[in-house]
Amino acid sequence: MDIQLQKVSYAYAKGTPFEKRALFDVELAIPSGSYQAIIGHTGSGKSTILQHLNALLKPTEGALQIGDRTITAGKKAKDLKPVRQKVGIVFQFPEHQLFEETVLKDIIFGPMNFGVSEQEATKRAHKLIELVGLPHTILEKSPFDLSGGQMRRVAIAGVLAMEPEVIVLDEPTAGLDPRGRKEIMDLFLQLHKERNLTTILVTHSMEDAARYADRIAIMHEGKCVLTGSPEEIFGNAEKLATYRLEAPRIVRFQRELEAKIGRRLQTLCLTEEELARAITAAVREERAGQ
Amino acid sequence: MDEILSLDHITFTYSPDEPNVKNAVEDVSFTVHEGEWIAIVGHNGSGKSTIARLMNGLLFPQQGTIKVMNEPLTEENLWEIRSQMGMVFQNPDNQFVGATVQDDVAFALENNGIPYKEMVKRVHEALQQVKMDQLLNHEPQHLSGGQKQRVAIAGALALKPRLLILDEATSMLDPQGRAEVLATVQALREETGLTVLSITHDLEEAILADRMLFMNGGEKFAEGTPSEIFALGDQLLDLGLDLPFAMKLTKLLKQDGVELQGEHMTEEELVNDLWTSNFKK
Ligand SMILES: Nc1ncnc2c1ncn2[C@@H]1O[C@H](COP(=O)(O)OP(=O)(O)OP(=O)(O)O)[C@@H](O)[C@H]1O
Ligand SMILES: Nc1ncnc2c1ncn2[C@@H]1O[C@H](COP(=O)(O)OP(=O)(O)OP(=O)(O)O)[C@@H](O)[C@H]1O
Ligand SMILES: [Mg+2]
Ligand SMILES: [Mg+2]
């Protein structure tokens, strides 16, 4: 599903003394099937954008295109249910997303709300709880009696159970243990490819943005200031610094090594595996040249 | 070094009436000395936050004794002890009590009877340290995720505690914000001898600690310096952890046949070894 933000501005508590502008004329086009990362400093407006994507917030100026639906500032948007069915959001704080008595009820709520039978929804819940790395026994527990990382995993299972076309992830790995981080990010990528989803990832992990996304947008003080491929975005350290960001660890390591050996590696590497291959190639050249 | 905190054979369950439910914390003992920086790591649900709640007296163990500054923690001395202990919870929303950012940070100080002038000074200082001094009168609930975490950290710093307990306190900060908070905490350690216990999934942060406690299924699986813990290698993965970046890259390079002299935990060591073993003529 194509998504397009057209000069979207948003102010919290608009028209009150507490009015707080959070977005300024944001232009962003996310083509169907792409994996878009959004990065940016604390408070730059990332979560505010995400909440527009399923019309939890509506622009105070500008317009938003979600598939064939247009949501325009100042106009009443009727029947948002189809949008909410197609766009699943994993919120920054899982606590904001969980509310049922048991984990099972929580996971089946979304799909049943959109007309899936209880039997089918329960089947999905059992499958998903395993995919997010939790034991089946957890389905009977209260979601509020879980550890932070367990809650995060349940919230993710709940969104996946709706089988959305667009998956919106707000810091999905915060609170996950290191292995869970990798497994769950790999799971999102696998679903993205298999089901041809549109995936939108907000993250403070430059490493995840580099590894998983095919396009990156930078938010800075409520504006979308730069978009490009991971290579374009992370290849430019000075630009990143002006937005108070930095390149992923892998890229910083590559630059340090390049400075030490006095030449550049063949490509800008975005994963550990790529970097290991590029360094190995450089070591071989060095040996051959001696 | 003086002992500041100790857990002696601590066992805790959230459901004492249900014998079939596994204990959240099982027979855990460790000692922390004044001025140390301890990182607590372990898979989701391994008992880390429960330990934090036990140290803070939010929960009491069914078995074992917790001592803070050599005194067993009891309902009676709880408030006295808490005034020396700054705690940042995993979810900042659970921590906010004030209607504005500055009220929130002031709250614990007011409870501890800090004089007004001193309180105002500390609140401003702490909010400056986390770069939140622009949003003094904002409602804490209406902040971005990272801003909330910064306010929660300021609340703990303003107490000027002897012991600081951080439960994934920087998990939603941008990389720069994370580095700034770590630098602030480091500076306080040097200036005031602050003791820090940091529960974290960030292995690059854990490397910097003096000592690590590694939890697994409610039990203490291992305890040691970061080099000792990360030497566990593939066992780490089985128990929900991973290798830090430099060690992972070292492993991949060795698999590819690149010559290296040792296992490297830090990037600097690895760059230097790569250079001396492969490029230096
Ligand atoms: N409910 C709210 N009411 C008023 N202002 C808000 C509210 N939520 C967020 N803001 C403000 O809007 C701005 C953008 O917030 P947003 O949550 O979109 O940031 P973010 O980029 O997601 O940050 P983080 O990385 O810290 O999560 C911030 O300055 C924040 O203080
Ligand atoms: N309030 C609660 N009531 C009942 N059980 C709980 C409660 N909080 C946690 N638990 C359970 O206790 C165990 C330990 O949880 P704890 O929150 O201490 O883990 P953790 O190591 O902090 O995990 P995480 O990395 O996910 O934050 C888990 O099995 C969890 O499900
Ligand atoms: Mg956010
Ligand atoms: Mg926890």
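Numbered from 1 within each chain, the chains take letters A, B, ... in sequence-line order. Keep in mind the model is a prediction, meaning the values are calculated, not measured.
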Between G43(A), G175(A), G180(A), which has the largest tally of heavy atom pairs under 4.5 Å with chain B?
G175(A)
Hey, which of L239(B), V258(B), L249(B) has the most heavy atom pairs under 4.5 Å with chain A?
L249(B)
For T42(A) and R150(B) the tightest heavy-atom approach is OG1-NH2, 3.7 Å
For the residue pair P178(A) and D242(B), what are the closest heavy atoms and their distance?
CB-CB, 3.8 Å
State, to 0.1 Å, how close D174(B) and H41(A) come at their nearest heavy-atom pair, and which atoms those are.
OD1-CD2, 3.5 Å
Count the heavy atoms belonging to other residues, nucleotides or ligands that lie under 6.0 Å from CZ of F18(A), then report whether that count exceeds 12.
no
Of the backbone (N, CA, C, O) and the side chain (C-beta and beyond), which part of I250(A) lies under 4.5 Å from a heavy atom of chain B, both, or neither?
both
Taking every heavy atom of E259(B) against every heavy atom of R287(A), the minimum-distance pair comes out as N-NH2, 4.1 Å
Identify which part of L134(A) has an atom lying under 4.5 Å from any heavy atom of chain B, answering side chain, backbone, both or neither.
neither
When rounded to the nearest 0.5 angstrom, what is the spacing between CD in E272(A) and NZ in K248(B)?
4.5 Å
What is the minimum heavy-atom distance between Q92(A) and G145(B), and which atoms define it?
NE2-CA, 3.5 Å
CD/Q266(A): more than 12 non-hydrogen atoms of other groups inside 6.0 Å:
no
Counting only non-hydrogen atoms closer than 4.5 Å, does R181(A) touch chain B with its backbone (N, CA, C, O), its side chain (CB onward), both, or neither?
neither
Chain A shares the most heavy-atom pairs under 4.5 Å, among N91(B), L270(B), T200(B), with N91(B)
Report, as yes or no, whether the 6.0 Å neighbourhood of atom CD on Q141(B) holds more than 12 heavy atoms from other residues, nucleotides or ligands.
yes
Report yes if some heavy atom in the side chain of V283(A) is under 4.5 Å from a heavy atom in the side chain of F279(B); otherwise report no.
yes
Would you mind telling me which of L143(B), D167(B), L241(B) has the largest number of heavy-atom pairs within less than 4.5 Å of chain A?
L241(B)
Determine whether R178(B) and H204(A) make a side-chain contact, defined as any pair of heavy atoms from C-beta on separated by less than 4.5 Å.
no
Could you walk me through whether H201(B) and T173(A) pass side-chain contact (heavy atoms from CB on, under 4.5 Å), step by step?
CA-CA 10 Å; H201(B) 291 302; T173(A) 60; over 6 Å; no
Most contacts with chain A, counted as non-hydrogen pairs under 4.5 angstrom, among D238(B), L236(B), N94(B)
D238(B)
Neighbourhood of chain A inside residues 131-139 of chain B, taking heavy atoms under 4.5 Å as contact
H138(B)
D256(B) to R284(A) - nearest heavy-atom pair and separation:
O-NH2, 3.4 Å
D93(B) and H96(A), any side-chain heavy atoms less than 4.5 Å apart
yes
When only pairs under 4.5 Å are counted, which of R244(A), R249(A), Q150(A) shares the most heavy-atom pairs with chain B?
R249(A)
For Q176(B), is it the side chain, the backbone, both or neither that has a heavy atom under 4.5 Å from a heavy atom of chain A?
side chain
Which of the residues H142(B), E204(B), E268(B), Q90(B) is involved in the greatest number of heavy-atom pairs with chain A at under 4.5 angstrom?
E204(B)
SB check R252(A) E267(B) (cutoff 4.0 Å)
no
With a 4.5 angstrom heavy-atom cut-off, could you sort out which part of S47(A) is near chain B: side chain, backbone, both or neither?
neither
Between I261(A) and W275(B), is any pair of side-chain heavy atoms under 4.5 Å apart?
yes
When the 4.5 angstrom heavy-atom criterion is applied to A13(A) and chain B, the contacting part is neither
Side-chain heavy atoms of E207(A) within contact of F245(B), under 4.5 Å:
no
Chain A-proximal positions within residues 41-55 of chain B [heavy-atom distance under 4.5 Å]:
G42(B), H43(B), N44(B), G45(B)
